[in-house]
Amino acid sequence: MGIPLDEAALVALFLQILFYAGVFFTLYWLTLFILLKKTGILRQLLIPVGTLLLLIATAHLIVDFVRALEAFVFKVNTLGADAYYSNLGSPLALASLALYVTQTAIADGVVVWRCYVLHNRSLIIAILGCIVMLTYGTSGYYVVWSFSRIHPLRNTYTSIIIFYTLTMLISVTCTILIAWRIYRPRRFIPEGLAAFLPVFIVVIESGALYTTSVFALLIATLVGSNAQYIMLAIISPIVGITFCLIILQVHFHVGGSLPSEQPSRPRGVIAGLLRERGVRSTNFNNRTITVHITEETEIAQSDMMHGKNSRLDLEDVFQV
């Protein structure tokens with residue numbers, strides 16, 4: 001037996017408040033604190049985008065809260081909660097859906113831009129990303145327009161499926177491309193599982209949370225479960241959470257640099273140890289270190305020959 005519509009609405013509102021106030025709001029202020037110390041594009045673009053996502057999520061939460069008041073308090077005796085939430089053509093329901101489509105498009109645009117910059121400003125990535133975003137954006141706003149009519153059009157359901165599928169496709173594709181960009185210069189470094197760990201971190205922080213949520217929303221929609229309204233509500237703060245995690249991940253260099261890009265501290269420690277040892281030990285260690293540095297240098301040079309930057313910094317990822 002599926003969850004009733006009125007119960008699904010209450011659970012959705014509770015989880016939306018939890019994700020918004022407990023996670024997104026906190027991550028936003030941490031991200032803002034980091035970006036205020038930056039200059040150039042980091043302050044001119046990322047702060048307005050992050051603030052816009054927060055404002056949209058706030059507006060989405062307010063709209064859903066007002067809808068809950070109308071369904072369970074003001075119109076509970078005249079209309080009923082089930083009938084109220086079944087009316088997808090009401091102004092508040094349309095506003096909630098339009099806010100979701102807008103927020104998704106903005107966040108996906110940032111992800112596509114990040115992937116575009118990391119891959120040496122590839123026009124193929126930019127063009128394909130824009131085509132997919134334009135397609136699902138059109139589908140999303142078409143659904144809003146269709147629900148605003150007295151009788152929604154027949155292909156509205158198809159447009160909903162197209163929207164969910166394409167936004168999930170962008171998230172999965174960009175996450176894989178970003179992970180590959182970070183893994184590629186490491187694949188010949190003999191460091192075992194440590195070389196793969198940053199890739200997994202990028203996948204988890206940048207895309208897995210949002211992709212899993214959209215996938216659950218898609219499945220719930222296909223089977224006709226009211227759980228789709230729960231997922232639709234919590235995805236709004238999850239979009240902002242994913243955006244903040246991308247910035248925090250790059251700022252703290254999670255999976256963003258090669259071992260050869262951290263020469264100062266390791267070399268200083270090794271040099272100190274070598275000075276404390278005898279001549280025989282020094283020669284042996286120098287031989288080992290020389291081979292290791294040569295291997296990493298060749299990889300870095302190979303990466304540069306293909307036009308790629310080996311170090312992924314916050315300025316590099318979001319530069320204009």
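Here Leu92 contributes atom CG and Arg67 contributes atom CZ; the two are 7.0 Å apart, rounded to the nearest 0.5 Å. Taken from SG in Cys244 to CG in Leu32, the straight-line distance is 9.5 Å, to the nearest 0.5 Å. Summarising the geometry, atom OG belonging to Ser90 is positioned 11.0 Å from atom CZ belonging to Phe147; distances are rounded to the nearest 0.5 Å. Here CH2 of Trp113 is found 13.5 Å from SG of Cys174. Values are rounded to the nearest 0.5 Å. Between atom CE of residue Met231 and atom OG of residue Ser225 there is a gap of 11.0 Å, rounded to the nearest 0.5 Å. Atom-to-atom distance recorded for Asn226:CG and Asp82:CG is 8.5 Å, nearest 0.5 angstrom.
Put simply, the side chain of Tyr20 does not reach to within 4.5 Å of the side chain of Ile234, judged on heavy atoms. When side chains are defined from C-beta on, Thr104 does not count as touching Tyr164, because their heavy atoms never get closer than 4.5 Å. The shortest side-chain heavy-atom distance between His60 and Ser96 falls under the 4.5 Å cut-off. Counting heavy atoms from C-beta on, the side chains of Ile230 and Ile3 come closer than 4.5 Å.
Among all heavy-atom pairs drawn from Gly137 and Val101, the shortest one is O-CG1, 4.4 Å. In this structure, Ser148 and Leu94 approach most closely via the heavy-atom pair CB-CD1, 3.6 Å. Residues Val112 and Met133 come closest through the heavy atom pair CG2-SD, 4.0 Å. When every heavy atom of Asp64 is checked against every heavy atom of Ala233, the shortest pair comes out as OD2-CB, 4.4 Å. Here the closest non-hydrogen pair linking Ala93 and Asn87 is CB-O, 4.0 Å. Minimum heavy-atom separation, Ile170 to Gly129: CD1-O, 4.3 Å.
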Show me the donor-acceptor pairs within less than 3.5 Å that the side chains of residues 5-13 make with the rest of the protein, sequence neighbours left out.
none

Considering only distance and modelled atom types, tabulate donor-acceptor pairs under 3.5 Å from the side chains of residues 211-218, sequence neighbours left out.
residue	atom	partner	partner atom	Å
Thr211	OG1	Ser171	OG	2.6
Thr211	OG1	Gly207	O	2.7
Thr212	OG1	Ala208	O	2.6
Ser213	OG	Leu209	O	2.9

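Considering only residues two or more places apart in sequence or on other chains, Phe163 meets the ring-ring contact (aromatic ring centres under 6.0 Å, His included) condition with Tyr100, Tyr136. Not counting sequence neighbours, the partners of Ala98 by the side chain to side chain contact (heavy atoms under 4.5 Å, CB included) test are Val144. Among residues two or more places apart in sequence or in another chain, the ring-ring contact (aromatic ring centres under 6.0 Å, His included) test is passed with Tyr142 by Trp145. Residues passing the ring-ring contact (aromatic ring centres under 6.0 Å, His included) test with Phe19, sequence neighbours excluded: none.
By the 30° and 60° cut-offs, the orientation of the rings of Trp29 relative to Phe25 is perpendicular.
Among the candidates Thr242, Thr175, Thr167, the single residue satisfying the side-chain hydrogen bond (donor to acceptor under 3.5 Å, both in side chains) test with Tyr210 is Thr167. The only member of Thr165, Thr158, Ile162 that meets side-chain contact (heavy atoms from CB on, under 4.5 Å) when paired with Ser139 is Ile162.
Note on Ile178 and Leu128: separate hydrophobic clusters, where clusters join Ile, Leu, Val, Met, Phe, Trp and Tyr whose side-chain heavy atoms are under 4.5 Å apart, directly or indirectly. Hydrophobic clustering, with ILVMFWY side chains joined whenever heavy atoms are under 4.5 angstrom apart, keeps Ile106 apart from Ile131. Taken together through direct or relayed side-chain contacts under 4.5 Å among Ile, Leu, Val, Met, Phe, Trp and Tyr, Leu169 and Ile176 form part of one hydrophobic cluster. Both Val49 and Leu36 belong to a common hydrophobic cluster when Ile, Leu, Val, Met, Phe, Trp and Tyr are linked at side-chain heavy-atom distances under 4.5 angstrom. Taking hydrophobic clusters as Ile, Leu, Val, Met, Phe, Trp and Tyr residues chained together by side-chain heavy-atom distances below 4.5 Å, Phe65 does not share a cluster with Leu55.
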- [ ] Please report the C-alpha distance between Thr221 and Tyr157 in whole Å, then the side-chain angles of each, then the deciding distance to 0.1 Å, and finally whether the side-chain hydrogen bond (donor to acceptor under 3.5 Å, both in side chains) criterion is met.
- [x] CA-CA 9 Å; Thr221 303; Tyr157 178 78; over 6 Å; no

Open item on the list: Between Thr102 and Tyr141, does the side-chain contact (heavy atoms from CB on, under 4.5 Å) criterion hold? Intermediate values first, please.
Closed with: CA-CA 9 Å; Thr102 303; Tyr141 290 114; 2.7 Å; yes

- [ ] Assess whether side-chain hydrogen bond (donor to acceptor under 3.5 Å, both in side chains) is satisfied between Thr156 and Ser146, documenting all intermediate values.
- [x] CA-CA 7 Å; Thr156 302; Ser146 178; 2.5 Å; yes

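In this structure, the side chain of Asn120 does not engage the main chain of Ser122 through any donor-acceptor pair within 3.5 Å. Checked by atom type and distance alone, the side chain of Thr31 pairs as donor or acceptor with a backbone atom of Leu27 at under 3.5 Å.
Side-chain contact annotation: Gln103 with Ser236, donor-acceptor N/O pair under 3.5 Å present.
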